[in-house]
Amino acid sequence: MSADSADGATVVEVVLVKGGRTKIRYDSALMGDDGTRVTVRAPWAGAGVRDFGFVRFEPGDLFTEHYWRDRWYSVKEVRAADDTLKGWYCDITRPAVLTGTELVVEDLDLDLWRSADGGDVRRLDEDEFAESGLAESDPQAAAAALAALDELEALARGDGFGTLLT
């Protein structure tokens, strides 16, 4: 993988791991790294359209993704091709690990959505989290994941991540 893109931005390969397997890999542009938070930007990396019922991710969407080395989540701002803000999709993860130009993030199944206007804040995939067995295999990680989801929900219902992302 090249370390720089045609426009001069450093290319970071995001590797999303779930259940011990790589779920998806995609290239992103490094927007910032302050030693704790890594921010990248990438177009929608999924195949085609993904309609959740409350939001659609589709080709042309642009994700600005914030990952932390010391927090159990990531926050992804989602914009349509016309730059309209759709909202924020948050993944509960183990702290991110950046090695060279590879950013590895382990997804722990729990997610949170906040719409652009803040009127829709919802927890997602709690059933998948319960079925994952993490509470039994790694109780400390499960507790950290649930605490992270609570923290994100409080932020989403409050200032909408403003203080978190500044």
Side-chain angles (χ1 to χ4, degrees), residues 1-18 22-34 36-69 71-93 95-96 98 101-129 145 148-166:
M1 171 176 64
S2 169
D4 295 304
S5 67
D7 64 5
T10 299
V11 175
V12 172
E13 184 179 33
V14 177
V15 181
L16 184 64
V17 176
K18 189 170 180 176
T22 298
K23 182 177 175 184
I24 190 170
R25 295 178 167 267
Y26 55 92
D27 286 344
S28 66
L30 179 65
M31 306 305 294
D33 181 356
D34 66 7
T36 301
R37 183 177 76 191
V38 177
T39 302
V40 300
R41 185 169 293 143
W44 166 240
V49 174
R50 178 132 186 233
D51 190 341
F52 291 93
F54 52 88
V55 68
R56 286 169 51 103
F57 295 161
E58 52 203 331
D61 286 353
L62 188 62
F63 287 65
T64 302
E65 305 175 358
H66 305 272
Y67 299 94
W68 285 265
R69 292 177 174 96
R71 298 185 187 198
W72 288 69
Y73 53 75
S74 62
V75 176
K76 300 169 184 176
E77 179 188 89
V78 185
R79 292 189 173 270
D82 67 1
D83 202 39
T84 301
L85 178 63
K86 291 185 175 188
W88 292 265
Y89 195 90
C90 307
D91 288 314
I92 303 303
T93 66
L98 179 63
T101 57
E102 184 177 78
L103 181 65
V104 178
V105 184
E106 184 181 347
D107 186 342
L108 298 177
D109 294 308
L110 293 169
D111 302 300
L112 183 95
W113 169 254
R114 181 188 190 270
S115 62
D117 66 2
D120 183 9
V121 175
R122 59 178 71 203
R123 291 173 175 244
L124 304 167
D125 303 327
E126 290 177 298
D127 56 336
E128 289 180 28
F129 178 74
L149 183 61
D150 289 343
E151 178 184 344
L152 281 175
E153 183 175 15
L155 289 167
R157 293 189 186 284
D159 74 0
F161 310 119
T163 56
L164 182 66
L165 301 179
T166 55

> Measure the shortest side-chain to side-chain distance between L98 and D33 over non-hydrogen atoms and say whether it is less than 4.5 angstrom.
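They are in side-chain contact.
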> Taking salt bridge (charged side-chain N to carboxylate O under 4.0 Å, His left out) as the criterion, tell me which of D150, D109, D111 meets it with R123.
D150
> Decide yes or no for L155 and W88: does some side-chain heavy atom of the first lie under 4.5 Å from some side-chain heavy atom of the second?
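L155 vs W88: side chains apart.
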> Do you know which of L149, D91, L108 makes side chain to side chain contact (heavy atoms under 4.5 Å, CB included) with W72?
L108
> I need the minimum non-hydrogen distance between D61 and A81, along with the two atoms involved.
OD1-N, 4.1 Å
> Between D125 and E128 (side chain of the first, backbone of the second, donor and acceptor by atom type, cut-off under 3.5 Å), is there such a pair?
no
> Could you tell me if the side chain of W68 sits less than 4.5 Å from the side chain of P95, heavy atoms only?
no
> Measure the spacing between CZ of R122 and CG of L112 and express it to the nearest 0.5 Å.
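Reported value, rounded in 0.5 Å steps: 10.5 Å.
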> Does R50 reach the side chain of W44, with side-chain heavy atoms less than 4.5 Å apart?
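Yes, their side chains come closer than 4.5 Å.
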> Less than 4.5 Å apart, side chain to side chain, heavy atoms only: is that true for L152 and I92?
yes
> Say whether, by atom type as modelled, one donor and one acceptor occur between the side chain of K86 and the main chain of R56 under 3.5 angstrom.
yes
> Tell me, please, which residues at least two apart from Y26 pass ring pair (Phe, Tyr, Trp, His ring centres under 6.0 Å).
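Checked Y26 against ring pair (Phe, Tyr, Trp, His ring centres under 6.0 Å); zero matches.
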> Within the structure provided, determine whether T101 and V11 are in side-chain contact (heavy-atom separation under 4.5 Å).
no
> Taking all heavy atoms of P59 and all of V49, pick out the closest pair and write down the distance.
CD-CG2, 4.1 Å
> Nearest 0.5 Å, please: how far is CZ in R114 from CD in E153?
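Here the interatomic distance stands at 12.0 Å.
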> Within the 4.5 Å heavy-atom criterion, are E106 and T93 side-chain neighbours or not?
no
> How many angstroms lie between CD in E65 and OG1 in T39, if you round to the nearest 0.5 Å?
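E65 atom CD to T39 atom OG1 measures 10.0 Å (nearest 0.5 Å).
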> NZ of K23 to CG of D107: how many Å apart, nearest 0.5 Å?
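It is 5.5 Å, given to the nearest 0.5 Å.
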> Taking all atoms of both residues into account, what is the closest heavy-atom pair of V40 and S28, and its distance?
CB-OG, 3.3 Å
> Using the six-membered ring wherever Trp is involved, compare the ring planes of Y89 and W113 and label them parallel, tilted or perpendicular (cut-offs 30° and 60°).
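The arrangement is tilted - the two ring planes meet at 30° to 60°.
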> Begin from the C-alpha positions of E77 and F161 and carry the test side chain to side chain contact (heavy atoms under 4.5 Å, CB included) through to its verdict.
CA-CA 10 Å; E77 179 188 89; F161 310 119; over 6 Å; no
> For salt bridge (Lys or Arg N to Asp or Glu O under 4.0 Å), just list the numbers for R69 and D34, CA-CA rounded to whole Å, side-chain angles, deciding distance to a tenth of an Å, and then say yes or no.
CA-CA 10 Å; R69 292 177 174 96; D34 66 7; 5.3 Å; no
> Do E126 and L110 come within less than 4.5 Å of each other through their side chains, counting heavy atoms only?
yes
> Checking side chain to side chain contact (heavy atoms under 4.5 Å, CB included) for the pair V38/L103: CA distance, chi angles, key distance, verdict?
CA-CA 9 Å; V38 177; L103 181 65; 4.3 Å; yes
> Is there a donor-acceptor pair closer than 3.5 Å between any side-chain N or O of D117 and the backbone N or O of G119?
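The answer is yes, because a donor-acceptor pair under 3.5 Å joins these two groups.
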> Distance check, rounded to the nearest 0.5 Å: L85 atom CG versus R79 atom CZ?
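If we round to the nearest 0.5 Å, L85:CG and R79:CZ are 4.5 Å apart.
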> Check the pair Y67, K76 against side chain to side chain contact (heavy atoms under 4.5 Å, CB included), reporting the backbone distance first and the verdict last.
CA-CA 9 Å; Y67 299 94; K76 300 169 184 176; 3.5 Å; yes
> Please find the pair of heavy atoms, one from R25 and one from V15, that lie closest to each other, and give the distance.
NH1-CG2, 3.4 Å
> Could you tell me whether the side chain of R37 and the main chain of L164 form a donor-acceptor pair under 3.5 Å?
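The answer is yes, because a donor-acceptor pair under 3.5 Å joins these two groups.
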